Amino acid sequence: GENVEQHPSTLSVQEGDSAVIKCTYSDSASNYFPWYKQELGKGPQLIIDIRSNVGEKKDQRIAVTLNKTAKHFSLHITETQPEDSAVYFCAAGIIFGSGTRLSIRP
Amino acid sequence: GAGVSQSPRYKVAKRGQDVALRCDPISGHVSLFWYQQALGQGPEFLTYFQNEAQLDKSGLPSDRFFAERPEGSVSTLKIQRTQQEDSAVYLCASSLISAGTGNEQYFGPGTRLTVT
């Protein structure tokens with residue numbers, strides 16, 4: 001079945017630096033790739049998404065890139081802030097990665 | 001406006017008991033999804049409704065799990081004869097349009113089920 005792999009599982013960056021999270025997927029028919037942020041005790045919240053007809057999308061400090069040929073997509077957060085600390089999940093449709101715990105060091 | 005709500009937020013059940021978890025989606029949302037999230041893991045798809053029709057239940061782990069959405073709004077996930085491996089957070093999400101699984105989903109806060 002469909003599988004999504006996500007790396008790294010934990011990431012610690014200095015406040016103000018950039019963070020990058022990478023995912024690969026197995027089903028070449030996948031066409032919708034959302035990214036979610038989950039804070040403790042809350043459900044996942046969509047932060048950005050990309051569809052297969054687009055290679056890159058940006059929303060303020062957050063950007064996502066998609067390489068359909070290689071079946072991988074990435075989340076980029078620039079100028080990180082303490083409130084960016086959370087667990088981030090990528091997904092291919094309804095299939096989620098295993099998550100990245102992002103910590104921002106002051 | 002109101003988001004997706006789930007109740008109860010926490011549920012403790014003795015092994016062998018039946019439980020029912022409720023999801024109230026955003027008003028007017030056509031699609032509704034249930035996921036199971038084990039500690040430290042990503043959500044795993046359980047089942048999907050479009051209005052009252054259950055279009056995909058391939059993720060339900062066993063026949064002890066049953067979901068319904070009889071009037072196309074509120075949904076209930078029922079687990080019969082609970083076992084310890086059922087302990088997890090159960091998430092509900094809704095989506096405005098009905099074009100399958102490729103659209104923005106809004107998640108509720110989840111129900112944390114602990115089976116003792």
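Everything numeric here is computed off the predicted structure, so don't read it as measured data. Residue numbers start from 1 in every chain, and the chains themselves are labelled A, B, ... in the order their sequence lines are given, proteins ahead of strands.
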Validation row: Ile95(A), Glu44(B) side chains within 4.5 angstrom (heavy atoms):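 Answer no - side chains too far apart.
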Aromatic contact, Phe45(B) with Phe96(A) (centres under 6.0 Å): no
Is there a path of hydrophobic side-chain contacts, each under 4.5 Å between heavy atoms, that joins [X] and [Y]?
| X | Y | value |
| --- | --- | --- |
| Tyr106(B) | Tyr88(A) | no |
| Leu102(A) | Val20(A) | no |
| Ile94(A) | Ile26(B) | no |
| Val4(B) | Leu46(B) | no |
| Phe33(B) | Leu55(B) | yes |

Hey, is [atom1] on [X] packed in by over 12 heavy atoms from elsewhere, all under 6.0 Å?
| X | atom1 | answer |
| --- | --- | --- |
| Lys68(A) | NZ | yes |
| Gln14(A) | CD | yes |
| Arg61(A) | CZ | yes |
| Glu15(A) | CD | yes |

Approximate separation, where rounding is to 0.5 Å, of Gln38(A) CD and Phe107(B) CZ: 8.5 Å
Separation between CG of Asn103(B) and CG of Leu46(A), rounded to the nearest 0.5 Å: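 Rounded to the nearest 0.5 Å, the CG-CG separation comes out at 11.0 Å.
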Phe89(A) to Gln37(B) - nearest heavy-atom pair and separation: CZ-NE2, 3.5 Å
At a heavy-atom separation under 4.5 Å, does [X] approach chain B through its side chain, its backbone, both, or neither?
| X | answer |
| --- | --- |
| Tyr36(A) | side chain |
| Pro34(A) | neither |
| Arg51(A) | side chain |
| Gln45(A) | neither |

Residue selection (most heavy-atom pairs with chain A, distance under 4.5 Å) from Gly42(B), Cys92(B), Gly110(B): Gly42(B)
Choice from Ala91(A), Ser30(A), Pro44(A) maximising heavy atom contacts with chain B below 4.5 Å: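 So the answer, after comparing Ala91(A), Ser30(A), Pro44(A), is Pro44(A).
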Interchain contact, Arg112(B) with chain A, by part (heavy-atom threshold 4.5 Å): neither
Tyr35(B), part contacting chain A, at a heavy-atom distance under 4.5 Å: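 Just the side chain, heavy atoms under 4.5 Å.
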